[in-house]
Amino acid sequence: MSRVIVNRVRKGLYLDSVALMRFSRSIAGLAGVEEAALMMGTPANLGILVEAGLLDGAGEHAKGGDLVIAVRARDGDSADAAVAKAGELLDQPRLTRGETAAWRPRTLRAALNQVPEATLALISVPGDFAAAEARKAIRRGLDAMIFSDNVPLADEVALKREARDLGRLVMGPDCGTAIINGVPLAFANRVPSGAVGIIGASGTGIQEVSCLIARNGAGISHAIGVGGRDLSEAVGGISTLRALDMLARDPASERVVLISKPPAPEVSARVLEKLSGIGKPATVCFVGAPPMAMPANAVQAFTLREAALRSVGVSGETPPPALPPVPTIAPGRREIRGLFSGGTLCAEAQAVMLAGKIAVASNAPIPGAAPASTGAAESLLLDMGDDSYTRGRPHPMIDPEVRDDAVRQAMADPSVAVILADIVLGFGAHGDPAGHLARAVRAAGGAERALLIASVTGTEADPQIRSVQIAKLEEAGILVAPSNADAARWACEAVQR
Amino acid sequence: MSEMSEKPKTELLDRPLMVVNIGLESFAADLRAEGAGVVHVDWAPPAAGDPELAALLAKLGA
Amino acid sequence: MNDIAGRIETANREALGRMIAGDPVLVDVIPAAEAIPSLQDRMILHAGPPVDWERMCGPMRGAVAGIAVFEGWAPDLETANRMAGEGAFDFRPNHHFDAVGPMTGMTTISQPVMVVENRAFGNRAYCTINEGLGKVMRFGGNDAEVLDRLRWLRDGFGPAMGRALRSGEGIPLKPLVARGLTMGDEMHQRNVGCTGLMLRALSPAMAASAGDLDGLARALAFIGGNDQFFLNIAMAMGKAIMDPVRDIEASTIVTAMSRNGTEFGIRVSGTGDTWFTAPVEMPEGLYFPGFTEADANPDMGDSTIVETVGLGGFAMGAAPAVAGFVGAGTASEAANFTRSMAEITLGENPEWTIPAMDYRGVPSGIDIRLVVETGLAPTINTGIAHREPGIGQVGAGVVRAPLACFHQALRAFADRMGVS
Amino acid sequence: MAAVSAHEPVSAWRDGQFSFAVRTIGGIAARLLSHTGRGRVLAVFGKCFYVELEHGLLCVGAEGFTLGPLNLITSAPASTRWLESGVRVGDAAVLGGGVLRVGHRFRFRLDGAAEWRPAYSGISGHPSALREGLQRFRLACAGVAPAEGLGRLIFDDTAAGPRSPVIDRGRVAIRLLDDWLDQVLRDPDMPTAQEPEGLNLLMGLGPGLTPAGDDVLGGMMIAAHALGEEAVARRLWRCARPLAEKAAGPIARAHLAAAADGMGADGVHRAIDAILRGRAEDFGSVIAGIDAIGHSSGWDAMAGVTRFLEASFHAREAWDARMMGSAELRHHLAGEFLQPLDRARQIAAVTADQEML
């Protein structure tokens with residue numbers, strides 16, 4: 001029966017022996033506690049604690065003026081509970097000195113009293129409260145960005161209809177990325193300001209396009225996230241239409257890019273009709289959609305990469321870089337396994353593969369791709385940011401651990417030829433996602449293994465610094481493609497060779 | 001609540017961004033680091049999360 | 001649904017307007033029977049929402065026995081106690097008779113009451129004279145010394161102060177309180193500034209209308225020696241300001257907060273005369289040397305009418321010395337109490353400003369919807385009385401109004417508005 | 001500000017501050033308070049709180065608090081609980097103009113305070129009085145000394161009674177110190193090289209704010225001063241001081257330093273006085289005085305005192321025997337006070353007592 005010893009040292013705490021005695025007895029009586037002592041940390045007393053088998057590493061360095069709480073208990077929990085109780089007993093009401101805590105308003109209303117010139121409410125409270133907070137914001141004349149997900153659809157619809165009547169913009173819900181007046185919000189990247197205005201129904205879609213634009217020497221005026229369901233039939237594109245109005249009037253935005261999954265037919269008609277009236281050249285990228293009729297001022301792009309290039313005037317047809325020389329893939333290996341933290345990046349990879357005549361399945365399938373559950377297709381692309389993975393766990397962009405198991409499984413699967421992974425940088429994302437993936441790959445080890453191809457969505461100005469992240473991936477033998485679309489194309493080439 | 005209607009229409013894009021951050025404190029910290037105007041709200045569910053009272057409050061325009 | 005919100009907003013704007021427009025003036029000191037015609041013989045008004053003899057705390061029982069002997073309804077304290085138990089006295093809240101009273105808050109027919117008239121609306125409010133420090137009726141004191149002092153107030157001080165006030169136009173209280181705020185008073189736990197200003201305002205007229213010099217000297221020494229003399233005037237002022245704000249349909253503004261040592265009660269403009277009550281909480285504070293929490297009586301008194309108009313705990317930003325005194329953190333944190341109360345009030349009082357907070361007005365108009373939404377209950381700077389009658393104050397601290405009162409009020413208000 | 005309770009002089013309360021008179025000041029505290037200075041509150045307990053000034057510590061107590069070298073006895077009501085009245089660790093302490101200000105609430109007026117120093121009533125220290133006094137004291141406090149701490153070392157036979165690691169180590173330390181004292185008292189100019197072992201076992205031993213072992217050493221040094229053996233006290237302190245610097249907190253060190261100057265709690269001095277005079281009737285109040293000094297620290301100090309007195313008695317007796325050269329004298333000395341019959345009963349009573357303990 002393993003016994004646990006826990007010590008806690010309270011620096012410079014004075015208690016008279018009456019109190020010490022009382023506390024020791026009350027703790028010794030707690031469930032699971034075999035012996036407990038509270039003594040000043042003098043060498044002599046430490047000697048006693050050793051003899052009584054009560055001293056551990058923490059207690060050893062106590063000095064004469066410190067109080068040592070020493071507990072031996074049946075198990076860890078009762079030991080910790082006893083030490084916590086001792087702490088409680090010791091914490092007489094102490095008024096902490098220290099500088100005055102700046103007052104933080106408790107509600108939006110109080111915040112507006114403090115800062116009347118506020119223009120945007122960034123809301124990241126739990127889903128079932130987010131719509132109510134957004135409603136308060138738009139009624140107070142603010143626009144709202146709802147980062148929270150799990151907002152009921154009916155709430156989104158009612159909220160956006162009221163916003164439309166009030167002439168306000170609601171970004172989201174589940175809007176992870178936005179850039180307003182050059183300021184990155186939530187999970188955005190630090191990109192130079194410029195003439196391209198982006199409207200996106202997805203966070204990572206905006207990040208990939210804005211970073212590619214930056215890498216091509218241009219910049220962003222604003223990036224407005226409208227949330228994944230805005231272009232659904234139920235919502236009817238209210239925020240997209242509002243965003244188009246805003247960019248139409250915005251002098252800084254000379255060109256517009258619209259990114260989303262294929263919208264419902266009548267919604268896309270309404271959106272394209274509005275787009276035709278903005279009086280500015282536009283690029284439309286409904287990832288996974290077939291070729292569609294575009295208004296005169298608009299051109300269709302089929303991948304995020306193409307949309308970015310077109311929006312900076314580089315024609316989409318420039319030949320993409322070819323797959324560099326790679327070791328030939330073992331005959332048994334046929335499958336491509338995609339592990340994505342970004343939903344739209346997963347969609348774009350599916351689009352590229354379908355165009356490359358490769359059968360694809362996904363837990364978030366685009367038109368033409370098979371649902372993951374059927375297992376029919378050889379290649380499986382997973383959107384690991386999907387609710388099924390993030391239930392009760394942080395998003396993989398925040399905590400890459402979520403993806404480690406899938407990487408290990410894919411590395412161990414003899415039928416997998418290529419493993420695709422996206423690395424997304426920027427504010428809010430993990431401090432070193434590439435380093436994390438590299439460690440997971442090295443840990444998986446194995447002499448003969450699948451080809452690993454990744455892309456890094458980010459800029460040099462991001463906290464994680466894109467070039468540093470690329471170096472870490474290449475050190476671990478991971479091939480790094482210039483964009484998510486290129487990585488997918490390289491995977492196809494590698495498998496078809 | 002009481003000065004609701006007279007508030008002038010603020011245009012998001014044509015004036016410096018000033019954010020009221022309600023929820024994750026890290027977003028406010030990032031915004032402050034970027035030099036953007038932000039006030040962080042120490043938010044808690046209305047009526048301490050009691051759904052019945054919260055619903056009443058909403059109907060009573062709180 | 002939106003018209004409900006609109007109606008509430010309009011009603012609250014009216015309520016806040018009346019609060020700010022109030023013009024309280026101290027005009028007279030007259031016997032309670034003359035000021036309050038409905039106050040009958042053997043009727044004892046007490047602080048707080050209604051409470052009967054069985055549920056009264058120690059100090060209040062002591063005060064009842066004492067005042068019964070004072071009014072001659074009982075020969076001695078034991079008989080008075082027995083009579084009280086047998087229902088010989090009619091117990092009513094001060095608030096039901098346009099009156100307020102500190103701690104036990106005894107008001108009976110022959111006691112002199114100070115009269116504050118709200119010149120903007122013509123209503124009047126009344127409060128007995130503050131007896132001073134230590135063993136006094138408001139803390140349940142009822143021995144000969146206490147009763148003698150009450151007799152002197154009835155026969156000597158009261159009439160003298162009344163004569164002085166009647167000889168002039170009365171003393172406007174808003175500007176006086178405004179100056180008190182700049183002197184570090186918050187009008188609940190600290191009235192030293194306003195007491196001084198009141199003494200300066202009263203003394204010339206008291207001297208001019210004085211019957212004899214000894215009487216005058218004793219009267220002026222009585223005011224000068226009691227730092228809390230102005231408290232009762234501030235309370236009558238609070239009552240005079242809030243009464244016109246009562247009974248505004250669809251208004252969610254709190255018009256009274258009060259405690260009787262057993263229960264804490266609030267009244268709301270839009271719900272008529274109903275008291276919404278919950279068990280009173282124990283204050284957290286610091287005790288005078290020699291006393292500890294074990295000696296404390298639960299919170300008591302109508303003095304929270306001061307917080308209701310935005311002073312006391314709401315104006316803590318003006319009184320850093322009080323924050324330290326009531327053990328509510330460091331002096332520099334005093335302003336946070338005012339900011340916190342600004343979260344549950346609809347506006348600020350432009351005439352009562354706090355220099356240390358860049359002359360921001362004290363938070364005014366407590367809205368029950370904001371209290372329930374934020375969970376921030378009104379903060380009250382309260383004196384702590386000894387559990388035994390007649391020993392007096394043993395400390396001071398901060399106490400929060402129980403949230404349960406506000407939940408009840410919100411539900412009742414919603415029913416009345418047909419919202420469920 | 002608000003009113004003050006009836007029986008507290010209103011003068012104690014003025015505008016948010018309590019101001020009390022200091023009635024008596026301990027010898028060491030008086031030295032600290034003789035000049036201006038700043039410091040802070042180091043620790044707050046129920047009945048007293050410690051203030052750390054530049055040159056040392058002082059301890060502020062209410063009416064009826066034990067007299068002692070570091071203590072200020074003030075006019076604050078006896079039932080005062082400093083924590084509940086707002087004294088906090090870290091409060092600023094400012095000394096100047098005859099007033100000690102603590103935090104923003106308290107002012108202690110020093111003018112007119114009496115200084116307290118231990119006083120002995122012409123002790124002869126005659127061995128026979130000393131021996132009888134010791135016996136009477138042990139009889140009086142049999143069964144009263146608490147189980148915690150080292151109080152039970154007052155009695156010769158400590159084998160009885162519940163075992164504890166503290167007592168075990170304490171007994172070993174005391175035996176070593178007894179031997180050292182025995183030699184140094186017999187031969188004062190014993191080479192100083194010989195260190196009093198057992199000190200490192202004793203210092204910092206046992207529970208309590210001032211560990212029991214420190215109080216025992218303190219008692220020894222105080223008893224040494226009482227018997228005019230300042231040199232022995234100095235030698236003890238020279239060895240114990242570095243241990244105290246390293247092991248003990250500032251409060252324990254301050255009490256030890258005072259004991260090294262021969263000053264301890266009033267109760268200890270009264271006990272020494274009564275023992276040396278051998279007077280019987282004082283022991284009731286003496287026991288109460290010892291009990292009033294913190295939980296066990298009064299008893300721990302008396303353990304040190306009795307050990308030192310015992311050692312000095314044996315050394316004096318050996319010296320007399322050597323001088324007189326004959327056993328009869330020893331017998332004569334021993335019997336002088338007690339009739340032979342009483343002696344037998346006397347010895348039986350003492351031994352019976354110890355089993356009962």
Side-chain angles (χ1 to χ4, degrees), chain C residues 102-103 130-136 138-139 141 143 145-146 184-185 188-193 195 225-228 231 284-296 303 319-327 329-331 381-386 388 390-397, chain D residues 1-23 40-41 44-49 60-65 72-94 100-109:
Chain C
M103 288 286 161
N130 191 293
E131 302 151 272
L133 312 177
K135 192 158 47 139
V136 285
R138 73 172 185 284
F139 289 124
D143 64 7
E145 179 198 340
V146 173
D185 281 5
H188 193 160
Q189 273 310 297
R190 186 182 166 89
N191 285 284
V192 63
T195 297
N226 175 13
D227 282 355
Q228 284 288 73
L231 172 64
E284 268 180 45
L286 294 181
Y287 289 84
F288 300 151
F291 298 99
T292 68
E293 192 169 20
D295 304 315
S303 54
V322 170
F325 167 58
V326 295
T330 62
N381 287 347
T382 183
I384 305 172
H386 197 285
E388 301 312 322
I391 293 182
Q393 183 164 359
V394 291
Chain D
M1 215 48 86
V4 169
S5 65
H7 53 70
E8 170 56 41
V10 177
S11 66
W13 171 260
R14 186 49 63 224
D15 206 7
Q17 281 204 335
F18 291 98
S19 129
F20 295 111
V22 176
R23 305 256 194 262
R40 70 184 191 89
V41 172
V44 184
F45 304 114
K47 290 195 171 150
C48 71
F49 60 91
V60 178
E63 223 144 38
F65 189 62
L72 265 66
I73 315 305
T74 68
S75 63
S79 55
T80 297
R81 285 292 166 278
W82 296 104
L83 198 66
E84 297 214 28
S85 292
V87 178
R88 292 290 179 270
V89 171
D91 279 355
V94 179
L100 172 66
R101 282 183 184 69
V102 175
H104 61 273
R105 284 168 72 86
F106 292 98
R107 301 171 67 253
F108 299 100
R109 299 186 310 280

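So you know, we letter chains A, B, ... as the sequences are listed, proteins then strands, and number each from 1.
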Practice task
State whether the number of non-hydrogen atoms from other residues, nucleotides or ligands found under 6.0 Å of D:Glu63 atom CD is greater than 12.
Solution key: yes

Completion exercise
What one should report as the nearest heavy-atom pair of D:Leu83 and C:Leu286 is O-CD2, 4.4 Å

Handout entry: Side-chain donor/acceptor of D:Glu84 to backbone N/O of C:Phe291, under 3.5 Å
Key = no

Practice task
Using salt bridge (Lys or Arg N to Asp or Glu O under 4.0 Å) as the criterion, list what pairs up with C:Glu145, not counting sequence neighbours.
Solution key: C:Lys135, C:Arg149

Fill in the blank from the handout: D:Ser79 and C:Gly290 have their tightest heavy-atom pair at OG-O, 2.7 Å

Practice task
Considering non-hydrogen atoms only, spot the tightest contact between C:Pro289 and D:Pro77 and give its length.
Solution key: O-CG, 3.4 Å

Practice task
Please list, chain by chain and in numerical order, all residues satisfying ring-ring contact (aromatic ring centres under 6.0 Å, His included) with C:Tyr287, sequence neighbours excluded.
Solution key: none

